Amino acid sequence: MRERVPLSEVTIRRARTADVPALRGLLDVYSRDRILLDKATVTLYEDIQEFWVAEQDTDAEVVGCGALHVMWEDLAEVRTLAVAPTQRGTGVGHMLLEKLLTTARWIGVRRIFCLTFEVDFFTKHGFTEIGETPVDGDVYSELLRSYDEGVAEFLGLERVKPNTLGNSRMLLHL
């Protein structure tokens, strides 16, 4: 088992295609336990521009990842936020989420959605649990056109009910 690396020795950077095998490994750890939805490897490549990774400075090992998926003009979703089991509790997840929130602000997003079992973690960052879909009728109608499963979860569509993992829907207003 690898030893924990101090937070000062971790860099958050944009993901590259060469990181996909590491992303796949992180995703596999949590999807086996139904904590994260599994994604096809091709989807990880297709969405690589949405990802940030946490990389150890000492050996360039990827020890965490997270993605920001824009859903609408002012709405995005935090996706696939995962930290290597050996690095849980070190602050790597907080660093990744802060980078995703900074990115959201930079591109003009004002509301961030997530589906999570880690309610306490996201609450520390200002997220609150929601039941309803916080968009108006016109935006709802446009979002219905999306083929993205995350958008379907956000909208609470019948085809994804009950929530496939049983996790909580949370929202943050920036």
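Keep in mind that this is a model prediction, so the values were computed, not measured.
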Basic-acidic side-chain contact under 4.0 Å: Arg32, Asp28: no
Atom pair SG/CH2 of Cys65 and Trp52 - distance to nearest 0.5 Å: 13.5 Å
Heavy-atom pair of closest approach, residues Ala82 and Leu96: O-CD1, 4.2 Å
Connected via hydrophobic side-chain network under 4.5 Å: Val78 and Ile107: yes
Taking the side chain as C-beta and beyond, is there a heavy-atom pair between Leu101 and Leu172 under 4.5 Å? yes
Closest contact, heavy atoms only, Arg13 versus Val62: NH2-CG2, 4.2 Å
Separation of Leu36 CG from Leu26 CG (nearest 0.5 Å): 9.5 Å
Residue pair Asp47 / His69, side-chain heavy-atom distance below 4.5 Å: no
Quick one: side-chain hydrogen bond (donor to acceptor under 3.5 Å, both in side chains) partners of Lys39, sequence neighbours excluded? Thr80
When rounded to the nearest 0.5 angstrom, what distance separates CD in Glu73 from CG in Leu75? 10.5 Å
Can you hop from Trp106 to Val109 via hydrophobic side chains spaced under 4.5 Å? yes
Review item, side-chain donor-acceptor pairs of residues 120-127, under 3.5 Å, at least two apart:
| from | atom 1 | to | atom 2 | distance (Å) |
| --- | --- | --- | --- | --- |
| Thr123 | OG1 | Val119 | O | 2.7 |
| His125 | ND1 | Glu98 | OE2 | 2.9 |
| His125 | NE2 | His94 | ND1 | 2.6 |

For Glu77 and Cys114, work out which heavy atoms get closest and say how close. CG-CA, 4.5 Å
Heavy atoms of Ser31 and Leu37 approach each other most closely as CB-C, 4.3 Å
Taking every non-hydrogen atom, the tightest pair across Ile12 and Ala54: CD1-CB, 3.6 Å
Once rounded to the nearest 0.5 Å, what's the spacing between atom CG of Asp74 and atom CD1 of Ile112? 9.5 Å
Before giving the answer on side chain to side chain contact (heavy atoms under 4.5 Å, CB included), spell out for Leu115 and Arg169 the whole-Å C-alpha distance, their side-chain angles and the decisive distance to 0.1 Å. CA-CA 5 Å; Leu115 289 165; Arg169 294 160 39 104; 3.3 Å; yes
At what distance, to the nearest 0.5 angstrom, does CZ of Arg24 lie from OG1 of Thr43? 9.0 Å
Are any side-chain N or O atoms of Arg14 and backbone N or O atoms of Gln49, one a donor and one an acceptor, separated by less than 3.5 Å? yes
Tell me every residue that passes ring-ring contact (aromatic ring centres under 6.0 Å, His included) with Tyr45, counting only those two or more places apart in sequence or in another chain. none
Under a 3.5 Å distance rule, please check whether Asp59 uses its side chain to pair with a backbone N or O of Glu61 as donor and acceptor. yes
Between Asp19 and Arg16 (side chain of the first, backbone of the second, donor and acceptor by atom type, cut-off under 3.5 Å), is there such a pair? yes
Roughly how far, to the nearest 0.5 Å, is the CG atom of Asp38 from the OH atom of Tyr30? 14.5 Å
Write down the atom of Val70, the atom of Trp72, and the distance for their closest heavy-atom approach. CG1-O, 3.4 Å
